[in-house]
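Written below as structure tokens is the structure these notes are about.
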2 protein chains.
Amino acid sequence: MEKRKRSDQMSDEIEERIATGIYPPGMRLDEVELAASFGVSRTPIREALIQLSSSGLVEIRPRRGAIVADIGPQQLWEMFEVMAELEAMCGRIAARRISKEEQAALVAAHEACETAREQNDADMYYRLNEQFHHLIYAASHNSFLQAQAAALHRRLKPYRRLQLRVRDRMNSSFSEHAGILDAILSEQGDLAAERLREHVVVQGQRFADLVSSLPRLNAASR
Amino acid sequence: MEKRKRSDQMSDEIEERIATGIYPPGMRLDEVELAASFGVSRTPIREALIQLSSSGLVEIRPRRGAIVADIGPQQLWEMFEVMAELEAMCGRIAARRISKEEQAALVAAHEACETAREQNDADMYYRLNEQFHHLIYAASHNSFLQAQAAALHRRLKPYRRLQLRVRDRMNSSFSEHAGILDAILSEQGDLAAERLREHVVVQGQRFADLVSSLPRLNAASR
DNA sequence: GATCCTGAAATTGTATGCAATACTGACTTC
DNA sequence: GAAGTCAGTATTGCATACAATTTCAGGATC
């Protein structure tokens with residue numbers, strides 16, 4: 001029945017809490033406290049923290065405990081720069097390799113986004129936007145690239161959350177999606193890449209600006 | 001004095017043994033055996049395996065133990081496709097941002113490669129080649145990109161090892177390096193990107209071919 | 001001979017105990 | 001009053017013990 005191990009469940013749960021801001025960047029993650037709250041021993045918690053540390057969501061400072069990764073605007077921008085390139089790559093390849101079924105799915109996802117936009121439902125748009133992008137990753141037919149893009153996407157989630165409802169972002173995002181979709185469907189790989197890169201860079205710029213205007217939790221964590 | 005934890009040392013050591021082929025792809029990694037051979041308990045070994053699993057070098061199948069990742073030619077090619085893009089990105093940005101000091105270091109590394117080539121020292125060339133590429137990563141001045149490129153480079157190490165001495169590879173590699181260096185120094189980012197991409201893709205093609213001609217250890221590991 | 005039990009042995013996953021290091025805060029010294 | 005010192009406490013890192021699951025050998029059945 002249940003095949004996964006507890007440490008993996010703990011990892012997912014902690015990641016979820018980081019992504020949703022329950023555990024905000026800079027927060028200390030106490031092993032005993034977490035263990036108690038999840039009703040398990042420290043071992044699976046430790047293993048989960050190690051996993052999250054490898055994926056970058058958590059920072060483990062030897063003998064000094066773990067904290068939720070708190071990255072500055074500089075590194076955030078660097079990560080978006082890479083994200084933009086990965087997505088551009090996905091788009092360029094996807095334009096060549098996408099199947100009819102995947103085209104249909106992508107169009108459907110885009111139209112679903114339109115619905116969310118019309119209803120001005122930011123949460124829904126957020127989820128559907130995610131789906132749209134993941135479909136492009138998958139359409140690259142490079143499972144490793146897909147995994148890398150998805151991993152970095154997840155890594156950036158705690159920060160995306162911050163500007164879910166920036167004014168008018170949905171509209172501009174949606175029209176950018178239209179351009180991207182068009183380029184992919186017409187097999188213009190380089191154009192799709194360029195538009196995706198721009199789409200992500202714009203987001204990244206916004207996020208980095210936002211974060212730099214925010215106070216950091218653990219300013220003196222060295 | 002010693003600030004690192006044992007599990008990190010174990011991780012490094014096991015990674016090294018994987019990279020050098022002491023633990024070949026597909027090999028089973030028994031926790032008690034490893035613990036005994038390193039003179040530690042299972043705990044740090046398990047933590048090390050989890051880390052290596054996150055970076056992809058090791059595959060942990062729940063309740064069924066860990067094995068050295070054994071990827072097929074298909075995924076190997078996918079990984080090189082991504083590696084090519086990451087390196088291209090490094091090169092494109094590096095051409096814009098490289099400092100005078102970094103230019104000098106890169107030229108020096110290239111010249112060192114030339115020496116190794118003249119002496120036909122494949123091992124030395126291998127190391128210096130690595131250094132050359134890492135200098136380009138660093139010159140991108142995007143520490144996250146640098147880390148990602150380095151991580152994937154490491155991930156591919158066990159396979160690079162396989163064709164260290166392919167006939168005449170040193171010469172063609174070296175002349176490709178010359179073209180890359182030239183493009184970077186003359187600030188032609190797109191050209192540098194294109195040449196780096198090609199440089200890596202050629203390698204990837206060779207590796208994938210080589211691996212596909214090799215017998216796999218754990219062909220029936222499902 | 002192949003397939004299906006079945007139970008012991010082996011191996012992983014989790015909990016707990018102990019040792020080593022880092023943190024805290026009162027006290028001392030200047 | 002600020003900085004340094006030195007116990008005492010808290011927390012992490014590692015070892016060990018136990019539980020849960022898988023693996024595998026040896027028969028039984030067809």
Side-chain angles (χ1 to χ4, degrees), chain A residues 1-15 17-18 23 26-70 217-222, chain B residues 1-15 17-18 23-70 217-222:
Chain A
M1 190 102 199
E2 186 58 56
K3 290 205 67 171
R4 305 182 59 221
K5 28 184 185 178
R6 275 179 153 50
S7 66
D8 286 339
Q9 298 176 263
M10 298 302 100
S11 176
D12 285 354
E13 183 59 31
I14 295 171
E15 174 174 341
R17 295 191 182 190
I18 293 174
Y23 298 159
M27 176 177 169
R28 185 142 200 294
L29 296 171
D30 186 87
E31 293 181 2
V32 273
E33 202 176 314
L34 287 172
S37 86
F38 285 116
V40 298
S41 81
R42 280 175 52 218
T43 309
I45 297 292
R46 278 184 65 82
E47 296 190 345
L49 290 178
I50 290 171
Q51 278 185 265
L52 294 171
S53 157
S54 297
S55 74
L57 274 174
V58 159
E59 186 183 346
I60 295 180
R61 301 156 308 171
R63 300 232 170 245
R64 302 183 56 213
I67 61 172
V68 178
D70 185 14
L217 262 187
N218 63 337
S221 69
R222 187 98 292 131
Chain B
M1 195 86 214
E2 186 58 58
K3 291 205 66 172
R4 307 181 59 223
K5 29 185 186 177
R6 274 178 143 54
S7 67
D8 287 339
Q9 299 176 264
M10 298 302 100
S11 177
D12 285 353
E13 183 59 30
I14 295 172
E15 174 175 341
R17 294 191 184 189
I18 292 174
Y23 298 158
M27 176 177 168
R28 187 143 200 295
L29 295 171
D30 187 88
E31 294 181 1
V32 278
E33 202 176 312
L34 287 172
S37 86
F38 285 117
V40 298
S41 83
R42 280 175 53 218
T43 308
I45 297 292
R46 277 185 65 82
E47 295 187 349
L49 290 178
I50 290 171
Q51 280 185 264
L52 293 171
S53 158
S54 297
S55 74
L57 273 174
V58 159
E59 185 183 348
I60 295 181
R61 301 156 308 172
R63 303 231 170 242
R64 303 183 55 212
I67 61 171
V68 179
D70 186 12
L217 263 187
N218 64 334
S221 69
R222 184 98 293 127

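Every chain is numbered from 1, with letters handed out A, B, ... down the list of sequences.
- Listed by chain and residue number, A/Glu13 satisfy the salt bridge (Lys or Arg N to Asp or Glu O under 4.0 Å) test with A/Arg17 (two or more places apart in sequence, or in another chain).
- Considering only heavy atoms from C-beta on, B/Tyr23 comes within 4.5 Å of B/Leu34 through its side chain.
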Pairwise N/O distances under 3.5 Å, protein to nucleotides 7-10 of chain D:
none

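- A heavy-atom distance below 4.5 Å is not found between the side chains of B/Val68 and B/Leu57.
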Restricting to nitrogen or oxygen on both sides, can you table the protein-nucleotides 23-25 of chain C pairs closer than 3.5 Å?
unit_1 : atom_1 : unit_2  : atom_2 : d
C/dC23 : OP1    : A/Arg64 : NE     : 2.8

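- Residues meeting the side-chain hydrogen bond (donor to acceptor under 3.5 Å, both in side chains) test with A/Asp12, sequence neighbours left out: A/Arg4.
- Ion pairing of B/Arg6 with B/Asp8 is absent here, as no side-chain N (NZ or NE/NH1/NH2) approaches a carboxylate O to less than 4.0 Å.
- Scanning residues 41-50 of chain B for heavy-atom distances under 4.0 Å to DNA chain C yields B/Arg42, B/Arg46.
- In this view, A/Arg63 satisfies the salt bridge (Lys or Arg N to Asp or Glu O under 4.0 Å) rule with no residue, not counting sequence neighbours.
- With sequence neighbours excluded, the residues that form a side chain to side chain contact (heavy atoms under 4.5 Å, CB included) with A/Ser11 are A/Ala48, A/Gln51, A/Leu52.
- One interatomic measurement links the two molecules: CZ of A/Arg28 to C1' of D/dT12, which rounds to 9 Å at whole-angstrom precision.
- Atom CE of B/Met10 and atom P of D/dC14 are 9 Å apart (whole Å).
- The side chain to side chain contact (heavy atoms under 4.5 Å, CB included) test applied to A/Ser41 returns A/Thr43, A/Pro44, not counting sequence neighbours.
- For the pair B/Leu29 and B/Ile67, the minimum side-chain heavy-atom distance is 4.5 Å or more.
- Screening residues 32-44 of chain B for salt bridge (charged side-chain N to carboxylate O under 4.0 Å, His left out) gives B/Glu31-B/Arg42 as the qualifying pairs, with residues at least two apart or on separate chains.
- D/dT21 atom P lies 18 Å from atom CZ of B/Arg61, rounded to whole Å.
- Separating the CD1 atom of A/Ile67 from the P atom of D/dT12 is a distance of 13 Å, rounded to the nearest angstrom.
- Taking the nucleotide of DNA chain C with the nearest heavy atom to each of B/Asp30 and A/Arg6, the more 5' of the two is matched to B/Asp30.
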